[in-house]
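Remarks on the structure that follows.
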2 protein chains.
Amino acid sequence: MNIGAAARHSGLPPKTIRYYEEIGLLKADRAQNGYRDYSGEDVHRLRFVQRARGLGFSVEECRQLLSLYGNSGRESSDVKALASAKLTEIDRKIEELKGLRKTLSHLVASCHGDDRPECPIIDGLAGRTDA
Amino acid sequence: MNIGAAARHSGLPPKTIRYYEEIGLLKADRAQNGYRDYSGEDVHRLRFVQRARGLGFSVEECRQLLSLYGNSGRESSDVKALASAKLTEIDRKIEELKGLRKTLSHLVASCHGDDRPECPIIDGLAGRTDA
DNA sequence: GTAAGCCTTCCAGTTACTGGAAGCTCAAGA
DNA sequence: TCTTGAGCTTCCAGTAACTGGAAGGCTTAC
């Protein structure tokens, strides 16, 4: 299977697949004409990475997950630890965004948003507490 | 005021302040010895950017906000529009993370996490629906 | 005078791609 | 058979927003 087909089956752009190969994440065989040649198992791994990336795992984490994926002697606790850490990280990000949201929505709500130059948002960003 | 002092007053590292100058966001006067020289107003602008970045505005958005900040003839609706768009974006990110969280926590919860190789997390990433 | 601590510039690296150019290969149609 | 277009190759450069480090100048205190 050429890279275009592998891209369609995995949901990753060809550029990204080549990039993953360049950084040593996933290598493909080569056909006689020099084209990359993907097996069904290769495509499985590509989809695997595509899903893991979509769930917020970094490329380096995908590298770890891939080695666990292909390792039938793995312990599920290894994978669970990785995933749990990621979950904690996601929770932290959500809380952080909620904090931003709160501050920003206060500022937006207190701004009348008309043609007058007075603007509580600007004042808030400038650190003026009388906003 | 030298860059180190400006850094302490604004909460931005010197490296970042130099970077902002390099990209034309904030320029400083120079003392006779070639050192950057920051006025109180410069420091206000640095803090302004520091706060806006902390609220999730991109550097380019900070550039816009800065020009509105210094523009006494601005309309508060301009600023409100920028901030509202950012708020929407933050909401979208929160929802996206919640979705990730849900999927990942399902996977984590269904994984026994012991020394056996069976792992619903790996299976889930691999697209096996019997996980 | 010399050492520490600041400042300067410049170059390179980070993350995870993405875009584009130059050129080769392959399949189909006139 | 020739050509055209799609798809493939590599390589170089750029993105966002810094960050680290090297090499060297300035300042201040002892």
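Reckoned from all heavy atoms, side chains included, excluding hydrogens, waters and symmetry mates. Letters A, B, ... mirror the listed sequences (proteins, then strands); counts begin at 1.
A donor-acceptor contact shorter than 3.5 Å is absent between the side chain of Ser77(A) and the backbone of Asp115(B). A donor-acceptor contact shorter than 3.5 Å is absent between the side chain of Glu96(A) and the backbone of Lys93(A). Under the 3.5 Å distance criterion, the side-chain polar atoms of Thr16(A) are left unmatched by any main-chain donor or acceptor of Leu12(A). Asn2(A) contributes no side-chain N or O that, together with a main-chain N or O of Gly4(A), makes up a donor-acceptor pair within less than 3.5 Å.
Ionic pairing of Arg116(B) and Glu75(A) is not present here: no N-O contact between side-chain nitrogen and carboxylate oxygen is shorter than 4.0 angstrom.
Leu100(B) is linked by a side chain to side chain contact (heavy atoms under 4.5 Å, CB included) to Leu55(A), Ile90(A), Leu97(B), counting only residues two or more places apart in sequence or in another chain.
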* Tell me, for nucleotides 12-17 of chain D in 5' to 3' order, what letter each nucleotide earns: B for a base near a protein heavy atom under 4.0 Å, S for only sugar-phosphate near one, - for neither? -> -----B

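Within residues 3-12 of chain A, the residues having any heavy atom closer than 4.0 Å to DNA chain D are, in order of number, Ile3(A), Gly4(A). Heavy-atom distances under 4.0 Å link DNA chain C to Asn33(A), Tyr35(A) of residues 25-52 of chain A, given in residue order.
Here the shortest heavy-atom pairing between Leu82(A) and Phe57(A) reads O-CE2, 4.2 Å.
The interatomic distance linking Arg18(B) (CZ) with dT19(D) (P) rounds to 13 Å, in whole Å. Put simply, CG on Asn2(B) is 14 Å from C1' on dG25(D), counting in whole angstrom units. Rounded to an integer number of Å, the gap from CD of Glu22(B) to P of dC7(C) is 18 Å.
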Identify each atom pair where a protein N or O and an N or O of nucleotides 12-14 of chain C are less than 3.5 Å apart, giving names and distance.
none

Identify every side-chain donor-acceptor pair in residues 23-30 of chain A under 3.5 Å, counting partners at least two apart or on other chains, and give the distances.
unit_1	atom_1	unit_2	atom_2	d
Arg30(A)	NH1	Gly34(A)	O	3.0
Arg30(A)	NH2	Glu21(A)	OE2	3.1

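Under the 3.5 Å distance criterion, with hydrogens and angles disregarded, a donor-acceptor pair is assigned to the side chains of Asp42(A) and Ser39(A).
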